[in-house]
Peer 1: 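To start, I am sharing the structure in question, which I have written as structure tokens.
On a predicted model such as this, the values are computed, not experimentally measured, just so you know. Reckoned from all heavy atoms, side chains included, excluding hydrogens, waters and symmetry mates.
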Amino acid sequence: MASLSLTVSTVKPLADRVFVKVSASEEKTAGGILLPDTAKEKPQIGEVVQVGPGKRNEDGTRQEPEIKVGDKVLYSKYAGTDVKLGGDEYVLLSEKDILAVVG
């Protein structure tokens with residue numbers, strides 16, 4: 001079996017898919033209580049690191065993605081596929097699963 005080494009620069013999303021680096025989850029509550037790993041919620045905010053070329057329309061043209069590399073985005077809680085590369089966590093999701101750009 002061949003070995004494959006993946007990095008962020010070698011992963012290119014297809015169609016309207018977006019590759020997002022997940023932000024770190026909260027370590028403690030507002031009251032100062034430290035949270036164990038089992039109690040932490042999955043983060044829903046991340047930074048876009050790769051964007052696909054866009055969705056194909058019925059006439060064959062591509063629809064440009066609204067999201068661009070570097071945007072901080074809020075995405076659906078259970079959307080996408082979790083990917084771990086080089087110790088960092090990423091999520092590969094469809095552009096429709098992105099709820100908002102965080103300014």
Peer 1: Which heavy atom in P65 sits nearest to a heavy atom in P53, and how many Å separate them?
Peer 2: CD-O, 3.8 Å

Peer 1: Does any pair with a residue in residues 54-68 pass salt bridge (charged side-chain N to carboxylate O under 4.0 Å, His left out), and if so which ones, sequence neighbours excluded?
Peer 2: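 For residues 54-68: K68-D71.
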
Peer 1: Given V73, which of V20, L93, I45, V102 fulfils the side chain to side chain contact (heavy atoms under 4.5 Å, CB included) condition?
Peer 2: V20

Peer 1: Which residue pairs satisfy the side-chain hydrogen bond (donor to acceptor under 3.5 Å, both in side chains) criterion with at least one member in residues 94-103, sequence neighbours excluded?
Peer 2: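 For residues 94-103, and leaving out neighbouring residues, the side-chain hydrogen bond (donor to acceptor under 3.5 Å, both in side chains) pairs sorted by first residue read D16-S94.
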
Peer 1: Roughly how far, to the nearest 0.5 Å, is the NZ atom of K77 from the CG atom of L99?
Peer 2: 12.0 Å

Peer 1: If you measure from NZ on K21 to NZ on K72, what distance do you get to the nearest 0.5 Å?
Peer 2: 9.5 Å

Peer 1: In terms of hydrophobic clusters joined by side-chain contacts under 4.5 Å, are V22 and L74 together?
Peer 2: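 No, V22 and L74 fall in different hydrophobic clusters.
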
Peer 1: Among residues two or more places apart or on two chains, list those pairs meeting ring pair (Phe, Tyr, Trp, His ring centres under 6.0 Å) that have a residue in residues 82-103.
Peer 2: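 As it turns out, the ring pair (Phe, Tyr, Trp, His ring centres under 6.0 Å) pairs with a partner in residues 82-103, which skip direct neighbours, are F19-Y90.
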
Peer 1: How long is the span from the OG1 atom in T10 to the CG atom in L85, to the nearest 0.5 Å?
Peer 2: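 That separation rounds to 7.0 Å.
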
Peer 1: Are V69 and L92 linked, directly or through intermediate hydrophobic residues, by side-chain heavy-atom contacts shorter than 4.5 Å (ILVMFWY only)?
Peer 2: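 Shared cluster, no.
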
Peer 1: Give the cluster check for V11 versus V49: same hydrophobic cluster or not, with ILVMFWY residues linked at side-chain heavy-atom distances below 4.5 Å.
Peer 2: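 Result: yes, single cluster for both.
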
